[in-house]
Amino acid sequence: MTQPDDPALLREEIERTREEIVDTIARLRGKADRVSRLPVVLLAASGFGLLVLVILLLRRR
């Protein structure tokens, strides 16, 4: 990749690259947030499943 000689073109390229980097970081943060929420969802689901199982077992008595 060659750098443009014109300072205006160079500024445009720098701005475009900066926007791509900011966008990539935002997408990565979104993915990290979803991954960090996954254990909480699994714990809540398993806790709810355990509660339902206990209720069903108690009802069978």
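The residues of the chain are indexed from 1 along the displayed sequence.
Results of the side chain to side chain contact (heavy atoms under 4.5 Å, CB included) test with L58 over I55, V54, L56 single out V54 as the only residue that passes.
Rounded to the nearest 0.5 angstrom, R11 CZ and R18 CZ are separated by 14.5 Å. Here the CD atom belonging to E13 is positioned 12.0 Å from the CG atom belonging to D6, to the nearest 0.5 angstrom. In this structure, OG1 on T24 lies 6.5 Å from CG on L28, to the nearest 0.5 angstrom.
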